[in-house]
Amino acid sequence: MIYRCPLCGNWCGYYSYDHSGYWLQTDTQIGIKDQTIIDEWNSVPTPPAPGLQPISIDPNTSALLVLDMETSICKNHRCIASISKINNLLTQAREKGMLVVYSLTHTGSVSDIAWKIAPSLGDPIVKSNVDKFYKTNLDEILQEHCINTVLITGYAANGAVLHTATSAAFRGYNVIIPVDGMSAVNPYAEQYTAWHMLNSPGTRTRATLTKINLIAFCH
């Protein structure tokens with residue numbers, strides 16, 4: 001019999017009673033060679049939950065991004081529940097005079113944005129696919145305001161949030177994601193996004209996960 005360790009991924013010819021996570025996989029080496037992540041799907045252990053970090057924000061060099069919060073797609077209870085939370089952060093950001101940037105999907109319009117978190121006159125709005133830097137002037141807007149940190153909220157976690165945050169990190173911005181300000185239809189998509197931001201080689205050195213009530217403003 002051949003066994004596999006779920007932590008290190010090694011195969012061995014014995015069962016280790018010192019770790020209950022070892023389990024039987026197959027009778028033959030042929031079966032092992034044919035294994036893919038799809039075959040292993042239900043036996044892959046979930047990583048431990050990351051810690052959320054309290055963080056202090058300088059409103060002069062930070063921007064709040066509110067991504068794709070359109071009523072035409074923000075219909076599920078997780079997205080709807082995030083509106084009031086984003087509004088709390090938005091209110092604080094406006095009080096501090098912080099730059100707020102909105103995004104729309106290709107088919108969205110300003111009137112589609114949830115009214116509680118609707119843009120104010122003069123707020124920049126970009127329109128693109130899931131990466132809001134793609135073929136927009138978002139980077140130019142941020143550079144003009146001397147921004148080095150972006151707080152990213154919106155819908156969907158595994159769409160606009162994930163790809164815009166990744167693109168921001170590639171461009172050298174520090175990325176703050178309040179996890180209660182992002183949402184998706186499937187909770188796994190939110191979980192994956194959180195894991196990806198802290199573990200992907202392209203984002204892990206620039207991303208911080210937090211919660212809206214853990215965010216403080218410097219002045």
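Since the model is a prediction, treat every value here as computed from it, not as a measurement. Only this structure's heavy atoms are used, side chains among them; waters, hydrogens and symmetry mates stay out.
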Are any side-chain N or O atoms of [X] and backbone N or O atoms of [Y], one a donor and one an acceptor, separated by less than 3.5 Å?
X: S200; Y: M197; result: no
X: S128; Y: Y134; result: yes
X: N137; Y: E140; result: no
X: K211; Y: V179; result: no

Reported [atom1]-to-[atom2] distance for the pair [X] and [Y], which is rounded to 0.5 angstrom:
X: T136; Y: K127; atom1: OG1; atom2: NZ; result: 13.0 Å
X: S43; Y: Q35; atom1: OG; atom2: CD; result: 8.0 Å
X: T105; Y: N129; atom1: OG1; atom2: CG; result: 10.5 Å
X: L89; Y: I215; atom1: CG; atom2: CD1; result: 5.0 Å
X: I125; Y: I141; atom1: CD1; atom2: CD1; result: 9.5 Å
X: I86; Y: T153; atom1: CD1; atom2: OG1; result: 4.0 Å

Return the minimal non-hydrogen interatomic distance between [X] and [Y], and the atom names on each side.
X: S82; Y: S183; value: OG-OG, 3.9 Å
X: Q92; Y: I212; value: NE2-CG2, 4.5 Å
X: K75; Y: T71; value: CG-O, 3.6 Å
X: N76; Y: A184; value: OD1-O, 3.7 Å
X: I113; Y: P119; value: CD1-CG, 3.7 Å
X: A169; Y: V175; value: N-CG2, 3.9 Å

Per the salt bridge (charged side-chain N to carboxylate O under 4.0 Å, His left out) rule, what does the pair list look like for [range], sequence neighbours excluded?
range: residues 41-56; answer: none
range: residues 153-169; answer: none
range: residues 76-87; answer: R78-E190

List for me each residue that meets side-chain hydrogen bond (donor to acceptor under 3.5 Å, both in side chains) alongside [X], sequence neighbours excluded, and say none if there are none.
X: S167; answer: D131, R171
X: D139; answer: Y173
X: T91; answer: none
X: D180; answer: none

Sequence neighbours left out, what pairs pass ring-ring contact (aromatic ring centres under 6.0 Å, His included) with at least one residue falling in residues 176-208?
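Qualifying pairs, neighbours excluded: Y192-H196.
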
Check for me, please, whether [X] and [Y] land in the same ILVMFWY cluster - side-chain distances under 4.5 Å, paths through other members count.
X: F170; Y: L198; value: no
X: M182; Y: V66; value: no
X: I152; Y: L90; value: no
X: I177; Y: L67; value: yes
X: I147; Y: V126; value: yes

Show me the side-chain donor-acceptor pairs of residues 157-164 shorter than 3.5 Å, one per line, residues at least two apart or across chains.
unit_1	atom_1	unit_2	atom_2	d
T164	OG1	V130	O	3.0
T164	OG1	K132	N	3.1
T164	OG1	A160	O	2.7

With a 3.5 Å cut-off and sequence neighbours excluded, list the donor-acceptor pairs that the side chains of residues 94-104 form with protein atoms.
unit_1	atom_1	unit_2	atom_2	d
R94	NH1	D123	OD1	3.4
R94	NH1	D123	OD2	3.1
R94	NH2	Y102	OH	3.1
R94	NH2	D123	OD2	2.7
Y102	OH	I117	O	2.8
Y102	OH	A118	O	3.2
S103	OG	D68	N	3.1
S103	OG	D68	OD1	2.8

Residues that R206 engages under salt bridge (charged side-chain N to carboxylate O under 4.0 Å, His left out), provided they are two or more places apart:
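Counting only residues at least two positions away or on another chain, R206 forms no salt bridge (charged side-chain N to carboxylate O under 4.0 Å, His left out).
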
Can you name the residues that form a salt bridge (charged side-chain N to carboxylate O under 4.0 Å, His left out) with E70, not counting sequence neighbours?
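With neighbours one apart ignored, the set is empty.
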
Does T166 form a side-chain contact (heavy atoms from CB on, under 4.5 Å) with F133? I'd like the steps, not just the answer.
CA-CA 10 Å; T166 299; F133 286 91; over 6 Å; no

The test is side-chain contact (heavy atoms from CB on, under 4.5 Å); show your working for L214 and Q53 and say whether it passes.
CA-CA 7 Å; L214 294 177; Q53 305 298 319; over 6 Å; no

Go through the side-chain N and O atoms of T210 and T208 and say whether any donor and acceptor fall under 3.5 Å apart.
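The criterion, which ignores hydrogens and geometry beyond distance, is not satisfied for T208 and T210.
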
Less than 3.5 Å apart, any donor N or O on the side chain of D112 or S109 sitting next to an acceptor on the other?
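Yes, side-chain donor-acceptor contact under 3.5 Å.
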
Evaluate I176 against I57 for side-chain contact (heavy atoms from CB on, under 4.5 Å), listing each step before the verdict.
CA-CA 9 Å; I176 312 298; I57 298 296; 4.2 Å; yes

Any non-hydrogen side-chain atom of N174 less than 4.5 Å from a side-chain atom of V150?
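A side-chain contact under 4.5 Å is absent here.
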
